[in-house]
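Beneath this line is the structure, given in structure tokens, with notes to follow.
Residue numbers begin at 1 in each chain, while the letters A, B, ... track the order of the sequences.
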Amino acid sequence: MVTAVKFDNVSRRFDTDVAVNGIDLKIREGEFFAMLGPSGSGKTTCLRLISGIDRPSAGHIEIFGVRSENIPPNRRPINTVFQDYALFPHLKVLDNVAYGLLVKGVAKNDRYQAAEQLLELVKLKGYGNRMPAQLSGGQRQRVALARALINQPRVLLLDEPLGALDLKLREQMQEELKALQQSLGITFVFVTHDQGEALSMSDRIAIINEGALEQVGTPQEIYQTPRTRFVAEFVGSSNVLSPRLSVRCGAGSNWSSLRPEEVKLGVPGAGRADGTLQSVRYLGASNYVTVMLEEDQLAVLVSTTDALPAIGSKVSVNWDSDAQHIMDDE
Amino acid sequence: MQQTIHPKGTDSGARFADIFWKKPGLLIFLFLLPPLLWLGVIYLGSLFTLLLHSFFSIDEFSGLIRYEFTLKTYAELLSPANFDVILRTILMACAVTVAAAVIAFPIAYYASRYANPKIKALFYLGVMLPLWSSYLVKIYAWKLILAKQGIINWMVEGTGATFLLNSVLALPVIGGNSLAVSYIGTFIVLVYVWLPFMILPIQAALERIPDSLLDASGDLGAAPQQTFKLVVLPLALPGVIAGSIFTFSLTMGDYIVPQIIGSSRRFIGQAVYAHQGTAGNIPLAAAFAVVPIAVMVIYLYLAKKRGAFDAL
């Protein structure tokens, strides 16, 4: 399998801040790759390093096997959909989309024809003569996408492209982006802080925290077997079991993770440990319940079809030891 | 304690505030009234009176103004001697504007895109400082700088480049006895005094261009010079136009710089000054004063037509 982008011990420092700290990473050709992390974790910097807008302070990046630190952004087979879309306000939509061909010196008719085709692809046929300011957020996002695709990049970088859209539009665009990536077959590197988005769209996910890589894996691996406490807590709403709690529950003595839906409630004395039902939050298909085991809290997801003990009552908690995942933390 | 509701304000201040809250237009009207009176009645009124005078003429024998509509004064404006003044002024204004734009752009570009906040504060100080000192003092200082015994001549002699300065001064029309009495001198000083009015609007326009647009341009394959031509320049153009409106109209109207520095040939401002003063020819002075207004209207019309304000 061809490696599209390779990070080799890459760091990026700004004065005293370390935005990216020694990342090793391989992004394969043709995959939908998500970089997931809280804001300020360095994921956008990673994207800027790939596109060449920014350069690493240490380490190097290979793009399709070519060392790239001395290749300016305009000569990389990579295009970006920017977080704020960065549409040129003085150019009409058609000229925005055709910009990549204009700077290559393609004749006006040819580049307009190509731009029209891409506008059709992103379902904005007939919008070519509008100015960016006349479009809605979702439409601008599509123009930015069409513009980034006109040079037929081998890697498309997307920097939180759906962040500014409302929920309904975001879900629709998630599906469209995924479908587009599959039909075009090019590598997508997608930066987001929305774990749901990353899980549902990607082939693989890199979890980034404070400039360092926490874990790389398929959505299933990330969700079911988080390697660190950070991953367990950031992706979804896993319980993180401290060694103290594990020992009390007869479940080993390491840090480990346990998904709330794996925990079952029972009558006192019937499970691994007894506790007090502390709070209930209604989520529609399920109830999100917290149980206090002395000073430790455990989250439990209970289907709404199941009966629920009253708040304050004594319950027991139980789970299969398979459901519990040992983590790297000491 | 619970708050009590007072349907009417408790004091006169609150009652006033209530009135303005109910009628927001009233407050805006009151705020705008003084400037509207000032600009609308006093300024535009005088301008209109001036315009009106340009359609009157002067009686050659009595020297009194004949209050009858005529285009005779405008015809006089086109006489070779007067038309020369107009042409000279417009050419000088064009040259000063172009030079100011060329000098200002790199400075503004550096200040808006590269300078850190500390340097930027120094930059503002540097640009504004000349505006704080007296206009006349600056111009007389320049007269000394440019004079035959001035520092420029002294430096040129010191470097042995006298022949170069002499050959420049020997140029027909723009040359002269020394820099202080040539068009080159007038030009240098005009560029100096109006430069801040070009730098500040360009800097403001450049400051408004988000970095992401430049990143996007490079990302899409544009080399830096293409980004400059296709993104930076079009988006900075409104600033350049705004700056050129200042430098162009200020040069067109200035009568002190050409009076103190330059050859004795007149510019429009001097012509207006002379005609409305000693000569008492208000109609011709008014007709001269209409020229810069007409030129600016044409310039703005052309700029708008070419799309210079599309990015606003």
| What residue, out of B:P210, B:G221, B:A223, has the most heavy-atom pairs lying under 4.5 Å from chain A? | B:G221

| query | B:Q226 and A:V103: which non-hydrogen atoms are nearest, and at how many Å? | reply | NE2-O, 2.9 Å

| query | With a cut-off of 6.0 Å (strictly less than), are more than 12 heavy atoms of other residues, nucleotides or ligands near CD of A:Q139? | reply | yes

| task | Measure the shortest side-chain to side-chain distance between B:L230 and A:Y99 over non-hydrogen atoms and say whether it is less than 4.5 angstrom. | result | yes

| query | In this structure, are over 12 heavy atoms from other groups packed under 6.0 Å from B:Y43 atom OH? | reply | no

| said: Report, in residue-number order, which members of residues 62-73 of chain A are under 4.5 Å from chain B by heavy-atom distance. | reply: A:P73

| request: Decide if atom CZ of B:F246 counts as having more than 12 heavy atoms of other residues, nucleotides or ligands within a radius under 6.0 Å. | output: no

| Members of residues 141-155 of chain A whose heavy atoms come closer than 4.5 Å to chain B | A:R147, A:A148, A:N151

| For A:E176, does the CD atom have more than 12 heavy-atom neighbours from other residues, nucleotides or ligands under 6.0 Å away? | yes

| task | Determine whether more than 12 heavy atoms belonging to other residues, nucleotides or ligands lie under 6.0 Å from atom CH2 of B:W132. | result | yes

| request: Under 4.5 Å heavy-atom distance to chain A, tell me which part of B:L214 shows up: side chain, backbone, both or neither. | output: neither

| message | Looking at A:T80, is its backbone amide N or carbonyl O close enough to the side chain of B:D219 to form a donor-acceptor pair, meaning the two atoms are under 3.5 Å apart? | response | yes

Side-chain donor-acceptor pairs under 3.5 Å in residues 26-33 of chain A, sequence neighbours left out?
unit_1	atom_1	unit_2	atom_2	d
A:E31	OE1	A:R204	NE	2.9
A:E31	OE2	A:R28	N	2.8
A:E31	OE2	A:R204	NH2	2.9

| said: Can you tell me how far apart CG (B:L220) and CG (A:N74) are? Round to the nearest 0.5 Å. | reply: 10.5 Å

May I have the list of side-chain donor-acceptor pairs in residues 34-50 of chain A shorter than 3.5 Å, sequence neighbours left out?
unit_1	atom_1	unit_2	atom_2	d
A:S41	OG	A:P38	O	2.7
A:K43	NZ	A:G37	O	3.2
A:K43	NZ	A:P38	O	3.3
A:K43	NZ	A:E160	OE2	3.4
A:T44	OG1	A:D159	OD1	3.2
A:R48	NH1	B:D215	OD2	3.3

| said: How close do B:L213 and A:P89 get, counting heavy atoms only, and between which atoms? | reply: CD1-CD, 3.6 Å

| query | Name the one of A:D84, A:I53, A:L87 that satisfies side chain to side chain contact (heavy atoms under 4.5 Å, CB included) with B:S212? | reply | A:D84

| note | The interface call for A:F88 against chain B, heavy-atom contacts under 4.5 Å, is both

| message | Within the supplied structure, the quantity of interest is the number of heavy atoms (other residues, nucleotides, ligands) at a distance under 6.0 Å from B:F20 CZ; does it exceed 12? | response | yes

